[in-house]
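What follows is a short report on a single structure.
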Number of protein chains: 2
Amino acid sequence: MKDHKSDLCINHILPIRDALDLISGKWKIPIISALCIHKRRFKELHRDVPGITAKMLSKELKDLEVNGLVKRTVYDTTPVSVEYAVTEYGLSLNPVIYALRDWGLKHRERMLHPEEKPVVA
Amino acid sequence: MKDHKSDLCINHILPIRDALDLISGKWKIPIISALCIHKRRFKELHRDVPGITAKMLSKELKDLEVNGLVKRTVYDTTPVSVEYAVTEYGLSLNPVIYALRDWGLKHRERMLHPEEKPVVA
DNA sequence: GTAACCGGTATACTTTGGTATAGTGGTTAC
DNA sequence: GTAACCACTATACCAAAGTATACCGGTTAC
């Protein structure tokens, strides 16, 4: 008989895979993280997400908008300006974002002081 | 003067980027997730992580071992068998994994019942 | 001898994510 | 007229992730 743990495991992994499908790639999480702090225009986002190109920013914002994680508002200004904000649904990624940030901070600590080997659970 | 929120934002993103550097890609999180449930041999992992090829599993396990997230133990059996287990450090990714799984479950719910639009914060 | 086991590896290929650079249109400022 | 603004887009290219398929060595079972 198949190992129960096997089923449990697969049912554990599938939702994780689903989540990763929406936020995979180098830039989606950083973009959402930036917008969770506050809404921004394109240029501001481009400045505040270190290293990203305009092409990637534009592309990823489109994806995130399609997936309902980000809201795009066009203003009738000159020049035209567009504001991006995280949606309510996008905000629901906060636990993921905080968990990543917390782990990243501790990982950084671990890199700086390898002898201490902080363990987080 | 530069927007304070800009600095705050960049300092928020950098540790997230660090974390993503270690666990990016399609398979690392699913592999660690599987091992968090219990340790396994290669074939068992290959069975329990749906869709992965032996080549990718082998490659990603190497990466994870190098990064101290997974421990590899070779047993002097015939045929040779190797056991993979998550390390203490790897276990520290649990908050990330649970956050992803929880979000993935809710996302799935949202896909199945779009009219209800569950919001998680 | 053949097949099976385990834990991979080799090779070629595909797909995807990402980068670099130049350019766009409409408007305003100088 | 040129430059600047904004928010992109076009194009070519690169690198990495990932896949498909065949194969490997050492051992055991039949």
Side-chain angles (χ1 to χ4, degrees), chain A residues 2-3 6 13-14 16-35 39-67 69-85, chain B residues 3 6 13 16-35 39-67 69-85:
Chain A
K2 205 177 182 185
D3 184 8
S6 182
I13 287 174
L14 288 177
I16 292 170
R17 287 287 309 276
D18 287 346
L20 290 173
D21 276 348
L22 260 75
I23 56 176
S24 65
K26 188 173 172 180
W27 297 114
K28 288 195 184 76
I29 290 286
I31 290 168
I32 296 172
S33 301
L35 291 176
K39 66 182 72 173
R40 284 176 178 76
R41 292 179 7 244
F42 189 93
K43 270 298 203 210
E44 291 171 334
L45 256 185
H46 189 232
R47 177 193 67 195
D48 293 342
V49 179
I52 198 168
T53 63
K55 182 188 160 84
M56 280 312 295
L57 183 56
S58 174
K59 175 187 173 290
E60 298 296 64
L61 282 169
K62 260 188 187 43
D63 281 358
L64 294 169
E65 192 190 352
V66 160
N67 286 323
L69 299 168
V70 155
K71 182 174 65 183
R72 178 176 186 267
T73 309
V74 183
Y75 292 99
D76 197 14
T77 58
T78 304
V80 68
S81 63
V82 178
E83 179 189 78
Y84 291 95
Chain B
D3 185 8
S6 184
I13 287 173
I16 292 170
R17 287 287 308 273
D18 288 346
L20 289 173
D21 277 347
L22 260 74
I23 57 176
S24 64
K26 188 173 171 179
W27 298 115
K28 289 194 181 76
I29 287 287
I31 291 168
I32 296 172
S33 300
L35 291 176
K39 64 183 74 172
R40 285 178 178 76
R41 293 178 6 247
F42 188 94
K43 272 303 200 202
E44 290 170 335
L45 256 185
H46 190 230
R47 178 192 67 195
D48 292 342
V49 181
I52 199 170
T53 62
K55 180 180 163 91
M56 281 309 297
L57 182 55
S58 176
K59 175 187 172 291
E60 299 295 64
L61 282 169
K62 260 189 188 42
D63 281 358
L64 293 169
E65 193 190 353
V66 159
N67 286 324
L69 299 168
V70 154
K71 180 174 64 182
R72 179 175 186 268
T73 308
V74 184
Y75 291 98
D76 196 14
T77 58
T78 305
V80 68
S81 65
V82 177
E83 180 189 77
Y84 291 95

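Chain letters run A, B, ... following the sequence lines, proteins first and then strands; every chain starts at 1.
A distance of 7.5 Å separates CG in A:Leu61 from CD1 in A:Ile52, rounded to the nearest 0.5 Å. The distance from the CD1 atom of A:Ile16 to the CD1 atom of B:Ile29 is 7.5 Å, given to the nearest 0.5 Å. One finds the CD atom of A:Glu83 at 10.5 Å from the CG atom of A:Leu45 (value rounded to the nearest 0.5 Å).
The minimum heavy-atom distance between A:Asp21 and A:Ser24, with the atom names listed, is O-OG, 4.0 Å. Contact detail for B:Leu57 and B:Ile31: the closest heavy-atom pair is CD1-CD1, 3.8 Å. The shortest heavy-atom contact between B:Arg17 and A:Pro50 is NH1-O, 3.6 Å. Shown here for A:Lys28 and A:Leu64, the closest heavy-atom pair between the two residues is CD-CD2, 3.8 Å. Annotation for B:Ile13 and A:Pro30: closest pair CD1-O, 3.6 Å, computed over non-hydrogen atoms. Taking every heavy atom of both residues into account, B:Lys39 and B:Ala85 meet most closely at CB-CB, 3.7 Å.
Distance, B:Leu45 CG to C:dG7 P: 10 Å, rounded to whole Å. C:dC6 atom C1' lies 14 Å from atom CD of B:Glu83, rounded to whole Å. Distance A:Arg40 CZ to D:dC8 C1': 19 Å, rounded to the nearest Å. Taking atom CD of residue B:Glu44 and atom P of nucleotide C:dC6, one finds them 9 Å apart after rounding to whole Å. Look at NE2 on A:His46: it is 14 Å from P on D:dT9, rounded to the nearest Å. A:Asp76 has its CG atom 17 Å from the P atom of D:dC6, to the nearest Å. The CG-P distance, from A:Leu61 to D:dT9, rounds to 11 Å in whole Å. Protein atom CG of B:Asp63 is 14 Å distant from nucleotide atom P of C:dG8, rounded to whole Å.
For A:Arg72 and D:dC8, the shortest distance from a side-chain N or O to OP1 or OP2 is below 4.0 Å.
Nearest-nucleotide mapping onto DNA chain D: of A:Val80 and A:Lys59, the residue sitting toward the 5' end is A:Val80.
The side chain of B:Tyr84 approaches C:dG8 more closely than any other nucleotide in the set D:dC8, C:dG7, C:dG8. Looking at the side chain of A:Lys62, the nearest of the listed nucleotides D:dC6, D:dT9, C:dG7 is D:dT9. Across D:dC5, C:dT27, C:dG7, the shortest atom-to-atom separation from the side chain of A:Pro79 is found for D:dC5.
Formation of a donor-acceptor pair under 3.5 Å by the B:Ser58 side chain with backbone atoms of B:Ala54 is not found in this model. Judged purely by atom type and a 3.5 angstrom limit, B:Arg40 uses its side chain to pair as donor or acceptor with the backbone of B:Ala34. Side-chain N or O atoms of A:Lys59 include none that pairs as donor or acceptor with a backbone N or O of A:Lys55 at under 3.5 Å.
Scanning residues 19-35 of chain B for heavy-atom distances under 4.0 Å to DNA chain D yields B:Gly25, B:Lys26, B:Trp27. At a non-hydrogen distance threshold of 4.0 Å, B:Lys55, B:Ser58 from residues 51-58 of chain B come into contact with DNA chain C.
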* Structure fact -> With both pairing distances under 3.5 angstrom for Watson-Crick or G-U wobble, and | for a partner in another strand, the correct string for DNA chain C is ||||||||||||||||||||||||||||||

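When heavy atoms are screened at a 4.0 angstrom cut-off, A:Tyr75 is found touching no nucleic acid atom at all. As judged by a 4.0 angstrom heavy-atom cut-off over every strand, B:Glu60 is placed among residues touching the sugar-phosphate backbone only.
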